[in-house]
Amino acid sequence: MSCGQVFRWEHLGGGVWLGIDGNHWFEVILDRGRHHVRSNADERAFRALFQLDRSLAEIEREVVAAGPELAPYVGALRGLRQMRPSCPREVLFSFLCTANNNLARILPMVRHLGGYGDAMEQVGGRVLRRFPTFERLAQVDEAELRDAGFGYRARTIPAVARQILSRGEGWWRGLAALGYEELHAELVSLASVGPKLADCIALFGFHCDEAAPMDTHLWQACCRHYFPEWAGKPLTDHRYRVAARFLRGRFGSLTGWAHQYLFYDNLLNWRARRSV
């Protein structure tokens, strides 16, 4: 919940987390090795969000079998799961906030966008809201978002909402039926959505497990393990395609999981490696 997959979860202290996913909110309490969940959703929705119906031990074995070089990361990051958020719209606009950004700034930005949505319930003195509709986001004033610290994204966010509305409601709904390549091509046709953001949206919003979002951290990890001749060189469009294609060829339907281990390990340890 804190490694860059979702952005509407908050650690309330101790073993308590409060989060929103689509039309659902979850309060998760870890107590003496057990998780207690209070929610407006049923257990099936919670299990789907964290892919709890899949054997993590089996996934770990398959990832290591396909890429033995990931064994240290899998061992160090026990419990890391690839999440499956239920609302692609929320994923799209959340990840629009991530470009050239860091978690400390992304979280309040996404929280601000969430404030435009309809209220669901009040939990612990907090009003929890669904993510706003395209129509509501299209109406958000650019100056208001700039005042909230969105920078150039203040123009991008309502512009993308208007662009999607102009294509008709069938266009957005139809994306879920597309294969990865077609989906990626449609997503990059949106304003300010490049290959990396399109892969993030495909992976977390539309659950295309072969997507490999190639940001700085994944690029550094790929250069360290697979492309040492590119270490220290910029991530060009050509190198992006080559590296992503390599990961898909190596890990197949587990590419998203492998990406998560490579990405999160590098996020945690890049400073230590740089100082060596």
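Any value given below was found using the heavy atoms of this structure, including those in side chains, with hydrogens, waters and symmetry copies removed.
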Shortest non-hydrogen contact between Asp21 and Ser86, atoms and distance: OD2-OG, 2.8 Å
List in chain and number order the residues that pass side-chain contact (heavy atoms from CB on, under 4.5 Å) with Ser189, two or more places apart in sequence or in another chain; answer none if no residue qualifies. Arg167, Trp171, Glu186
What are the two closest heavy atoms between Val6 and Pro85, and how far apart are they? CG1-CG, 3.8 Å
Give, for atom CD1 of Ile20 and atom OG of Ser39, the distance between the pair rounded to the nearest 0.5 Å. 11.0 Å
Give the cluster check for Leu107 versus Val91: same hydrophobic cluster or not, with ILVMFWY residues linked at side-chain heavy-atom distances below 4.5 Å. yes
If every non-hydrogen atom of Pro234 is compared with every non-hydrogen atom of Trp219, which pair is closest and at what distance? O-CZ2, 3.9 Å
Using atom types as modelled, flag every donor-acceptor pair under 3.5 Å from a side chain in residues 120-128 to any protein atom, sequence neighbours excluded.
| from | atom 1 | to | atom 2 | distance (Å) |
| --- | --- | --- | --- | --- |
| Glu121 | OE1 | Trp25 | NE1 | 3.0 |
| Arg126 | NH1 | Glu10 | OE1 | 2.9 |
| Arg126 | NH1 | Glu10 | OE2 | 3.3 |

Within the side chain of Gln5, is there an N or O that forms a donor-acceptor pair under 3.5 Å with the backbone of Arg81? yes
Grouping I, L, V, M, F, W and Y whenever their side-chain heavy atoms are under 4.5 Å apart, do Leu235 and Leu218 come out in a common cluster? yes
Assess whether side chain to side chain contact (heavy atoms under 4.5 Å, CB included) is satisfied between Leu190 and Gln163, documenting all intermediate values. CA-CA 7 Å; Leu190 294 171; Gln163 186 179 4; 3.9 Å; yes
Evaluation steps, salt bridge (charged side-chain N to carboxylate O under 4.0 Å, His left out), between Lys196 and Asp215: CA-CA 7 Å; Lys196 181 256 182 177; Asp215 73 336; 5.1 Å; no
Cut-off 3.5 Å, side chains only: do Gln51 and Arg84 have a donor facing an acceptor? yes
Check the pair Val28 / Leu18 against side chain to side chain contact (heavy atoms under 4.5 Å, CB included), numbers first and verdict last. CA-CA 6 Å; Val28 184; Leu18 182 64; over 6 Å; no
Working for side chain to side chain contact (heavy atoms under 4.5 Å, CB included), residues Leu80 and Gln260: CA-CA 8 Å; Leu80 181 63; Gln260 201 61 39; 3.8 Å; yes
Considering only heavy atoms from C-beta outward, does the side chain of Arg34 approach that of Arg32 to under 4.5 Å? no
Considering non-hydrogen atoms only, spot the tightest contact between Ala99 and Leu197 and give its length. CB-CD1, 4.4 Å
For Ala138, enumerate each residue passing the side-chain contact (heavy atoms from CB on, under 4.5 Å) test, keeping only those at least two apart in sequence or located in another chain. Ala161, Arg162, Leu165
Between His184 (side chain) and Pro195 (backbone), is there a donor-acceptor pair under 3.5 Å? yes
Lys/Arg N to Asp/Glu carboxylate O, Glu142 vs Arg155, below 4.0 Å: yes
Please determine whether residues Phe7 and Val160 belong to a single hydrophobic cluster, defined as Ile, Leu, Val, Met, Phe, Trp and Tyr linked transitively by side-chain heavy-atom distances below 4.5 Å. yes
Over all heavy atoms of both residues, which pair between His24 and Ala41 is shortest? Give the atoms and the distance, please. CG-CB, 3.4 Å
Can you list the residues that meet the side-chain contact (heavy atoms from CB on, under 4.5 Å) rule with Ser192, with sequence neighbours excluded? Thr156
Any chance you could measure Phe46, atom CZ, to Phe50, atom CZ, to the nearest 0.5 Å? 5.0 Å
Do Leu96 and Arg153 touch side chain to side chain, with heavy atoms closer than 4.5 Å? no
Where the side chain of Arg89 meets the backbone of Phe131, is there a donor-acceptor pair that is under 3.5 Å apart? yes
Evaluate side chain to side chain contact (heavy atoms under 4.5 Å, CB included) for His259 paired with Gln82, printing each intermediate quantity in order. CA-CA 9 Å; His259 148 269; Gln82 181 187 311; over 6 Å; no
Just so I know, are the side chains of Pro88 and Trp172 near enough to count as touching, which here means a heavy-atom distance under 4.5 Å? yes
What I want to find out is whether Asp209 reaches Arg248 closely enough, with some N-O distance under 4.0 Å, to be called a salt bridge. no
Expected output: side-chain Asn23 to main-chain Asn40 donor-acceptor under 3.5 Å: no
Does any N or O in the side chain of Trp17 come within less than 3.5 Å of the main-chain N or O of Phe26, such that one atom is a donor and the other an acceptor? no
Side-chain heavy-atom pair Asp141, Leu145 within 4.5 angstrom cut-off: no
Given the rule that I, L, V, M, F, W and Y join up when any side-chain heavy atoms are under 4.5 Å apart, are Leu247 and Leu183 in one cluster? no
Can you name the nearest heavy-atom pair linking Met214 to Ala244, along with the distance? CE-N, 3.7 Å
Does Val140 reach the side chain of Ile157, with side-chain heavy atoms less than 4.5 Å apart? no
Is the gap between the ring centers of His112 and Phe150 under 6.0 Å? yes
Answer with yes or no whether the hydrophobic clustering places Leu56 together with Val74; edges join I, L, V, M, F, W, Y residues whose side-chain heavy atoms lie under 4.5 Å apart. yes
Return all side-chain donor-acceptor pairs below 3.5 angstrom for residues 199-206, not counting sequence neighbours, or 'none' if the list is empty.
| from | atom 1 | to | atom 2 | distance (Å) |
| --- | --- | --- | --- | --- |
| Asp199 | OD1 | Tyr180 | OH | 2.5 |
| Asp199 | OD2 | Tyr240 | OH | 2.6 |

Tell me if the CD atom of Glu229 is crowded by more than 12 foreign heavy atoms within 6.0 Å. yes
Look at Arg130 together with Asp118 and state whether they make a salt bridge at an N to O cut-off of under 4.0 Å. no
I want to check something: taking the side chain as every heavy atom from C-beta on, are Arg111 and Arg8 in contact at a cut-off of under 4.5 Å? no
Atom pair CE/CG of Met1 and Leu49 - distance to nearest 0.5 Å: 9.0 Å
Mind running salt bridge (charged side-chain N to carboxylate O under 4.0 Å, His left out) on Asp265 and Arg224 for me, showing each step along the way? CA-CA 12 Å; Asp265 167 79; Arg224 190 166 62 252; 3.7 Å; yes
Can you tell me how far the CZ atom of Phe93 sits from the OH atom of Tyr116, to the nearest 0.5 Å? 12.5 Å
Polar side-chain atom of Thr98 near backbone of Phe95 as donor-acceptor pair, under 3.5 Å: yes
Answer yes or no: is there a donor N or O on one side and an acceptor on the other, between the side chain of Arg129 and the main chain of Gly114, under 3.5 Å? no
How long is the span from the NE2 atom in His217 to the OH atom in Tyr264, to the nearest 0.5 Å? 11.0 Å
Tell me if the CD atom of Glu135 is crowded by more than 12 foreign heavy atoms within 6.0 Å. yes
When you measure from the side chain of Asn102 to the backbone of Arg105, do you find a donor-acceptor pair of N or O atoms at a distance under 3.5 Å? yes
Say whether Tyr226 and Glu69, considering side chains only, have a donor N or O and an acceptor N or O under 3.5 Å apart. yes
Just wondering, do Leu113 and Cys97 contact through their side chains at under 4.5 Å, heavy atoms? yes
Is it the case that the side chain of Glu27 and the backbone of Arg38 share a donor-acceptor pair, with hydrogens and angles ignored and the cut-off at 3.5 Å? no
Tell me, please, which residues at least two apart from His225 pass ring pair (Phe, Tyr, Trp, His ring centres under 6.0 Å). Tyr73
Without swapping roles, check the side chain of Asn266 against the backbone of Leu262 for a donor-acceptor pair under 3.5 Å. no
Would you check if Phe134 and Gln139 make a side-chain contact, meaning some heavy-atom pair closer than 4.5 Å? no
